[in-house]
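This chain uses plain numbering: 1 for the first residue, then up along the sequence.
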Amino acid sequence: MVPKIAMIGGGSWATAIVKMLSDNLSEKEIYWWMRNEVAIEHIKKFKHNPHYLSSVEIKLVEENISSNINSIIKSADLVILNVPAAFLKDTLSTISSEDLKGKKIVSAIKGIVPEDNLIIGEFLHEKYAVPYENILVVSGPCHAEEVAFEKLSYLTIACTDVEKASNFASLLNTRYIKTNVSDDIFGTEYAAVLKNIYAIASGICHGIGYGDNFQAVLISNAIREIKRFVEAVHPINRDIKESAYLGDLLVTAYSQFSRNRTFGNMVGKGYTVKSAQLEMNMIAEGYYAAKCMFIKNLAYNVEMPISKAVYHVLYENRSPQIEMNLLAEKLN
């Protein structure tokens, strides 16, 4: 049976995954939902997304691109969610549990639903009754901009049913995308949420003048924070040095393409949180994640000084300079 795949979202990462799916040689049918009608008409006419990764050629047939999310999801047996986590509930507002019944749902969001403090897999399971064995997670160090340039990149596909992870991974493999599989949907999702917070910390530290030596210490402490938290939440046998955890942290903390690092850098240089958000005109998932993880960790009480420092700067209006100076005394 030919897989029928629906992409939900019109941003750069959604565009990059559509490119991967299109460049993959296996037979499939791809559907694409986005909210922006003008962008849809532009793609149909010119075969490029006008706002994101505009160099990427879109190879989908016109009738498979629509702003009607119900019809797009109904057409597919595998649905990829790829909108900012803060907008997920609104995006799915017309979708019921029955609409998702029997479908495999892929989270490519790398965020946490703010009002519910749930990672995407938990949200789908609790709010839409999607069984965990039908939930897949895409993670790994893979910026959309480098996918557009066909730079060699690695993705990890996680699912409690590893065979389903392998099947989906086979739809993404190309000459520039290599895939791994995992059964750790909780660890990979939480790691993807946390690394955005640490990328903001990295940006703040760069903005106030800390150098590369300190950044190395900061990120070596950050991976230990991730390890402590995911072991508290979901203790299984995992190697935190794998690319889905450490690799994703490194690229998000250091890359020129990291919007979370860029956001943190602006805050470190003296921008208010609001002015940094307005100037970026893109969602930095770590902003929402910092508050969600601060609240969530009240139940686990894991030692997370970096995550807590970012929360203090973003939500309690503390001085980035003073907060990071205090943090520096806690690192080793």
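The two residues V251 and C142 have their closest heavy-atom pair at CG1-N, 4.4 Å. Taking each heavy atom of K330 and P305 in turn, the nearest pair found is CD-CB, 4.1 Å. Taking both residues in full, the closest heavy atoms of I306 and A222 are given as CD1-N, 3.6 Å, listed atom of the first, atom of the second, then distance. Among all heavy-atom pairs drawn from M324 and C205, the shortest one is SD-SG, 3.7 Å. Looking at every heavy atom in both residues, Q277 comes nearest to F263 through CG-CE1, 3.6 Å. Heavy atoms only, all atoms of each residue included: G11 and N49 are closest at O-ND2, 4.4 Å.
Note that CZ of F214 is 5.5 Å distant from CG of L327, once rounded to the nearest 0.5 Å. Atom CZ of F123 and atom CD of E115 lie 8.5 Å apart (nearest 0.5 Å). To the nearest 0.5 Å, atom CG of residue N173 and atom OG1 of residue T179 are 3.5 Å apart. With values rounded to the nearest 0.5 angstrom, M280 atom CE is found 11.0 Å from L278 atom CG. With rounding to the nearest 0.5 Å, the separation of CG in D161 from CD1 in I135 is 12.5 Å. For the atom pair CG of N70 and OG of S96, the computed distance is 8.5 Å after rounding to the nearest 0.5 Å.
Residues Y128 and I95 have side chains in contact (heavy-atom distance under 4.5 Å, counting atoms from C-beta outward). Taking 4.5 Å as the limit, some side-chain heavy atom of D23 sits within range of a side-chain heavy atom of E150. Using a 4.5 Å heavy-atom threshold, the side chains of P141 and S153 count as separate. Looking only at side-chain heavy atoms (C-beta outward), T15 and V147 stay at 4.5 Å or farther from each other. With contacts defined as side-chain heavy-atom distances shorter than 4.5 Å, the pair T91/I8 qualifies. Put simply, the side chain of N221 does not reach to within 4.5 Å of the side chain of E225, judged on heavy atoms. At a threshold of 4.5 Å between non-hydrogen side-chain atoms, the residues Y198 and T252 do not count as touching. Counting only heavy atoms from C-beta outward, the side chains of L118 and I112 never approach each other to under 4.5 Å.
Under a cut-off of 6.0 angstrom, the local environment of CG in L25 is sparse, with at most 12 non-hydrogen atoms contributed by other residues, nucleotides or ligands. Other residues, nucleotides and ligands contribute more than 12 heavy atoms inside 6.0 Å of the CD atom of E316. Within 6.0 Å of the CG atom in N68, the count of heavy atoms belonging to other residues, nucleotides or ligands exceeds 12. Crowding of L331 atom CG: a count of heavy atoms from other residues, nucleotides or ligands under 6.0 Å exceeding 12. In this structure, K296 places its NZ atom where more than 12 heavy-atom neighbours from other residues, nucleotides or ligands lie under 6.0 Å away. Annotation: D239, atom CG; neighbour count of heavy atoms from other residues, nucleotides and ligands within 6.0 Å is above 12. The 12-atom threshold is not exceeded at NE2 of H206, counting heavy atoms of other residues, nucleotides or ligands nearer than 6.0 Å. Around the NZ atom of K89, the shell of radius 6.0 Å holds more than 12 heavy atoms that belong to other residues, nucleotides or ligands.
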- prompt: Can you check side chain to side chain contact (heavy atoms under 4.5 Å, CB included) on E146 and Y176, steps first, answer last?
  reply: CA-CA 10 Å; E146 291 202 351; Y176 57 89; over 6 Å; no

- request: May I have the step-by-step check of side chain to side chain contact (heavy atoms under 4.5 Å, CB included) for L21 and I80, ending in yes or no?
  value: CA-CA 11 Å; L21 291 166; I80 304 173; 4.0 Å; yes

query: Where do S75 and K4 land on the side chain to side chain contact (heavy atoms under 4.5 Å, CB included) test, with the steps shown first?
result: CA-CA 7 Å; S75 299; K4 296 181 178 180; 5.9 Å; no

message: Test side chain to side chain contact (heavy atoms under 4.5 Å, CB included) on I40 and N36; report intermediate values, then the result.
response: CA-CA 6 Å; I40 290 172; N36 190 324; 5.9 Å; no

- request: Walk me through it: do S258 and S255 pass the test side chain to side chain donor-acceptor pair (under 3.5 Å)?
  value: CA-CA 5 Å; S258 171; S255 175; over 6 Å; no

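Applying ring-ring contact (aromatic ring centres under 6.0 Å, His included) to H234 and the options Y132, F186, F229 leaves one that passes, F186. Considering K103, K104, K164, H125 as possible partners of N134, the one that fulfils the side chain to side chain donor-acceptor pair (under 3.5 Å) test is K164.
Aromatic rings from Y288 and F87 are positioned such that their centres are separated by 6.0 Å or more. Here the two rings, on Y311 and Y287, have centers that are 6.0 Å apart or farther.
Look at K195 and D248 and you find a salt bridge, because one of the NZ, NE, NH1 or NH2 atoms lies within 4.0 Å of a carboxylate O, short of that distance. A salt bridge between D184 and R238 is present, with a side-chain N of the basic residue lying under 4.0 Å from a carboxylate O of the acidic one.
Taking hydrophobic clusters as Ile, Leu, Val, Met, Phe, Trp and Tyr residues chained together by side-chain heavy-atom distances below 4.5 Å, I185 shares a cluster with L100. If you chain together hydrophobic residues whose side chains sit under 4.5 Å apart, Y300 and Y190 fall into the same group. Residues M304 and V193 share a hydrophobic cluster, clusters being chains of Ile/Leu/Val/Met/Phe/Trp/Tyr side chains in contact below 4.5 Å. Two different hydrophobic clusters hold V130 and V106 under the rule that ILVMFWY side chains link at heavy-atom gaps under 4.5 Å. Linking ILVMFWY residues whenever their side-chain heavy atoms come closer than 4.5 Å, directly or via other members, places I119 and L194 in the same cluster.
With hydrogens and angles disregarded, a donor-acceptor distance shorter than 3.5 Å links the side chain of N325 to the backbone of Q321. Between the side chain of N265 and the backbone N or O of G207 there is at least one donor-acceptor pair closer than 3.5 Å. Looking only at distances, no side-chain donor or acceptor of H312 sits under 3.5 Å from a matching main-chain atom of N317. Using modelled atom types, one side-chain atom of N297 and one backbone atom of V302 make a donor-acceptor pair closer than 3.5 Å.
Counted by atom type alone, S202 and Q215 present one or more donor-acceptor pairs between their side chains at under 3.5 Å. N196 and R261 share no donor-acceptor pair across their side chains, judged by distance under 3.5 Å alone.
Legend: salt bridge (charged side-chain N to carboxylate O under 4.0 Å, His left out) pairs involving residues 262-287, not counting sequence neighbours: none detected. Note on residues 26-55: pairs passing salt bridge (charged side-chain N to carboxylate O under 4.0 Å, His left out), not counting sequence neighbours, are R35-D90.
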